[in-house]
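One structure is given below, encoded as structure tokens.
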Amino acid sequence: MFTPARPASPTPTIEASPEDFMSRAELCKNPVGAQLFRLMHSKKSNLSVSADVFTTAKLLQLADLVGPHICVLKIHVDILEDFTPDTITQLQALAKKHNFIIFEDRKFADIGSTVEAQYKGGTFKIAQWATITNAHCVPGPGVIAGLKKVAEELKLQNSLLLLAEMSSEGNLITPEYTKKVVAMAAANLKFVIGFITQHKVSADPSLVNMAPGVELRKKSDNLGQQYNTPESVIANGADIIIVGRGIIAAPDPVDAAKEYKEAAWKAYEQRLIPSNGPRP
Ligand code: S5P
């Protein structure tokens with residue numbers, strides 16, 4: 001008599017976790033948040049390079065080199081000595097070629113009406129090209145309202161990260177302050193996609209946690225920066241590592257980018273194993 005083979009019991013896969021990036025993409029209220037989670041999944045990269053360089057040529061060269069290995073390229077546009085609108089046109093072409101998102105690390109921190117003008121105008125016209133930017137919440141909710149107003153009026157598909165924690169020694173952020181930042185994010189989910197932080201700070205899985213201050217070989221610089229490893233920040237609930245000098249000052253930035261990418265992705269996969277959730 002024919003006995004049908006018993007169906008193999010489903011092997012638990014990492015992708016079945018409700019905490020995986022593809023599942024979290026479904027929950028995002030801002031399309032940039034969803035795009036970011038999906039992009040990380042498809043590139044298997046939760047690495048953001050902080051391209052803190054001083055010329056357009058260096059920025060474009062670095063973006064072209066590390067582009068295949070990153071989800072987000074973070075820049076400080078105001079440290080470029082030779083910025084022109086063409087810097088951005090060329091950077092956007094590389095973002096398209098390598099499929100990464102451009103993040104201007106402007107850290108807006110003023111009253112709503114001032115940040116509105118800073119985001120929209122001036123030399124850099126940040127709102128026109130920075131799919132992601134960030135803000136300190138110290139001025140209160142007006143800082144978010146001012147930035148959101150620009151994105152809405154210009155019909156730009158932009159997004160904002162809030163500084164919930166900092167990596168630098170002696171910073172003034174307290175757990176109480178961080179809680180209030182999380183509440184401000186929760187009140188603005190159509191615009192805010194997550195946090196700059198050292199830990200997972202919100203229980204809302206639609207919000208992304210990006211951690212700077214990551215270095216494999218150093219513990220600090222000589223100006224108060226403090227470093228952790230990719231493994232430790234991701235075990236603490238960060239989703240994306242932001243790496244500057246660990247990659248851009250390495251003898252071979254591409255090799256370094258691959259090393260950080262692999263370490264961060266492995267740590268993310270480890271965290272998806274049920275008993276290894278983020279440490280409180
Ligand atoms: O708390 C913070 C927040 C940010 S955005 N600590 C940081 O270091 N950053 C930024 O991350 C900082 O402005 C710099 O561009 C990058 C870290 O660079 P690295 O060379 O120390 O890795």
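Bear in mind that the values here come from a model prediction, so they are computed numbers and not experimental data. Order of appearance sets the numbers: ligands from 1, and atoms from 1 within every ligand. One-based numbering along the sequence shown.
Between Phe21 and Tyr268, the two ring planes are parallel [angle under 30°; tilted spans 30° to 60°].
Of all protein heavy atoms, the one lying nearest to atom 22 (O) of ligand 1 is Gly244 N, 2.9 Å. The protein heavy-atom contact nearest to atom 6 (N) of ligand 1 is Ser167 OG, 2.7 Å. Protein heavy atom in closest approach to atom 14 (C) of ligand 1: Asp52 OD2, 3.4 Å.
Less than 4.0 angstrom separates some heavy atom of Pro212 from each of these atoms of ligand 1: 1 (O), 2 (C), 3 (C), 4 (C), 6 (N), 7 (C), 8 (O), 9 (N), 11 (O). Annotation for ligand 1: atoms under 4.0 Å from non-hydrogen atoms of Ile196 are 3 (C). Every atom of ligand 1 with a heavy atom of Tyr227 under 4.0 Å away is listed here by number and element: 19 (P), 20 (O), 21 (O), 22 (O). Annotation for ligand 1: atoms under 4.0 Å from non-hydrogen atoms of Met166 are 1 (O), 2 (C). Every atom of ligand 1 with a heavy atom of Lys107 under 4.0 Å away is listed here by number and element: 3 (C), 4 (C), 5 (S), 13 (O). The distance from ligand 1 to the heavy atoms of Arg245 drops below 4.0 Å at these ligand atoms: 19 (P), 20 (O), 21 (O), 22 (O).
Taking all atoms of both residues into account, the shortest heavy-atom contact from Asp239 to Arg24 is OD1-NH1, 2.8 Å.
For the side-chain contact (heavy atoms from CB on, under 4.5 Å) with Glu165, the qualifying choice from Thr197, Asn209, Ile196 is Thr197, the only one to do so.
A distance of 4.0 Å separates CE in Met184 from CD1 in Ile144, rounded to the nearest 0.5 Å.
Salt bridge absent: Glu231 and Arg271 never bring a charged side-chain N and a carboxylate O closer than 4.0 Å. A salt bridge is absent between Lys266 and Glu262: the closest approach of a Lys/Arg side-chain nitrogen to an acidic carboxylate oxygen does not fall below 4.0 angstrom.
Contacts between Gln225 and ligand 1 below 4.0 angstrom, taking non-hydrogen atoms only, involve the side chain exclusively. By the criterion of a heavy-atom distance under 4.0 Å, the side chain of His76, and not its backbone, is placed next to ligand 1. For Asn171, no heavy-atom contact with ligand 1 is shorter than 4.0 Å.
Using a distance-only test at 3.5 Å, with no hydrogens or angles considered, no donor-acceptor pair links the side chain of Lys148 to the main chain of Leu160.
Here the side chains of Val49 and Tyr260 are not in contact, with every heavy-atom distance at 4.5 Å or above.
No donor-acceptor contact under 3.5 angstrom links the side chains of Gln198 and Ser167, judged on distance only.
In terms of N/O distances under 3.5 Å, ligand 1 is not approached by Val214. Remark: ligand 1 and Ser50 share an N or O pair separated by less than 3.5 Å (distance only, no angle test). Remark: ligand 1 and Asn134 share no N or O pair separated by less than 3.5 Å (distance only, no angle test).
Contact annotation: Gln198 has no heavy atom less than 4.0 Å from any atom of ligand 1.
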Apply salt bridge (charged side-chain N to carboxylate O under 4.0 Å, His left out) to Asp82 and Lys58, showing your working.
CA-CA 11 Å; Asp82 57 355; Lys58 284 209 173 119; over 6 Å; no
